[in-house]
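Below is one structure, written out as structure tokens; the observations come after it.
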Amino acid sequence: IISFFFRLLSDPLPERSDLIYLFGQTQHNQNSVLHKGVSLFERGVAGRLGILELGTGYGYPGNLAWEKDLKMMGLPKLPLLIPSPPSGANPNTLTEAQSLVSYSKKERFEKIVIIAQPLHTLRSFLCTLTARKEIYRDLGIYVQVGEPLPWDEKVVHSQGIVKGSRIDLI
């Protein structure tokens, strides 16, 4: 699994993709993906940046808070809102990935770049691969690790339930 992870992290980005997607994070971890997403958008990796359309809860500050933060970071247009998981489905990494891949299929996206904070990168990618296998096998998925965050900082993670330093949460 270690060699797989290194290969995953070393995969070059395509010249152009259809979407940069920021996996939902808790408030303690959100700057990792927000900053990386804006940076990739400014580099022209994709013409759209997407986030989950979901209010506050499950540790996620909500798309309205993220829209405001992204604007303050210089994103020139509102992010694309990816519909939240179906009613009754517990929002988690897998259901978020399923929503993302379903939307990508509906929009006929060919390539997407997903960003997750370092502790969440492998899980986000594996969940997106699982959704790709079930929903839209032709989708190209590229991964970027969010900006680094201090390992010893105390944070809330995992739908706002798990607490500890990032190093303890590995």
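From a predicted model like this one, the values you see are computed outputs, not experimental measurements. Just the heavy atoms: all of them, side chains too, but no hydrogens, waters or symmetry mates, feed the values below.
- A distance-only check finds no donor-acceptor pair linking the side chain of Gln25 to the backbone of Val33 [under 3.5 Å].
- Across all non-hydrogen atoms, the minimal contact from Phe125 to Ile114 is CA-CD1, 3.8 Å.
- For the pair Pro61/Gln30, a side-chain contact is recorded, criterion being any heavy-atom separation below 4.5 Å from C-beta on.
- Side-chain contact between Ser99 and Pro83 is absent, with no heavy atoms from C-beta onward closer than 4.5 Å.
- Contact detail for Leu22 and Gly37: the closest heavy-atom pair is CD2-CA, 3.7 Å.
- Contact of the Ile167 side chain with the Asp152 side chain is not registered, since no non-hydrogen atoms from C-beta on lie closer than 4.5 Å.
- Although no hydrogens or angles enter the test, the distance criterion places a donor-acceptor pair under 3.5 Å between the side chain of Ser32 and the main chain of Glu147.
- Atom CD of Glu110 is surrounded by 12 or fewer heavy atoms from other residues, nucleotides or ligands within 6.0 Å.
- More than 12 non-hydrogen atoms from other residues, nucleotides or ligands lie less than 6.0 angstrom from CD of Glu67.
- Of all heavy-atom pairs spanning Ser17 and Lys111, the tightest one is CB-O, 3.5 Å.
- Looking at heavy atoms from C-beta onward, Thr128 lies out of side-chain contact with Tyr21 at the 4.5 angstrom threshold.
- Using a 4.5 Å heavy-atom cutoff, the side chains of Lys154 and His28 are not in contact.
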CA sep, side-chain torsions, deciding dist, call: Phe23, Leu52, side chain to side chain contact (heavy atoms under 4.5 Å, CB included): CA-CA 7 Å; Phe23 262 89; Leu52 185 65; over 6 Å; no
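- For the pair Thr56 and Gln27, the minimum side-chain heavy-atom distance is 4.5 Å or more.
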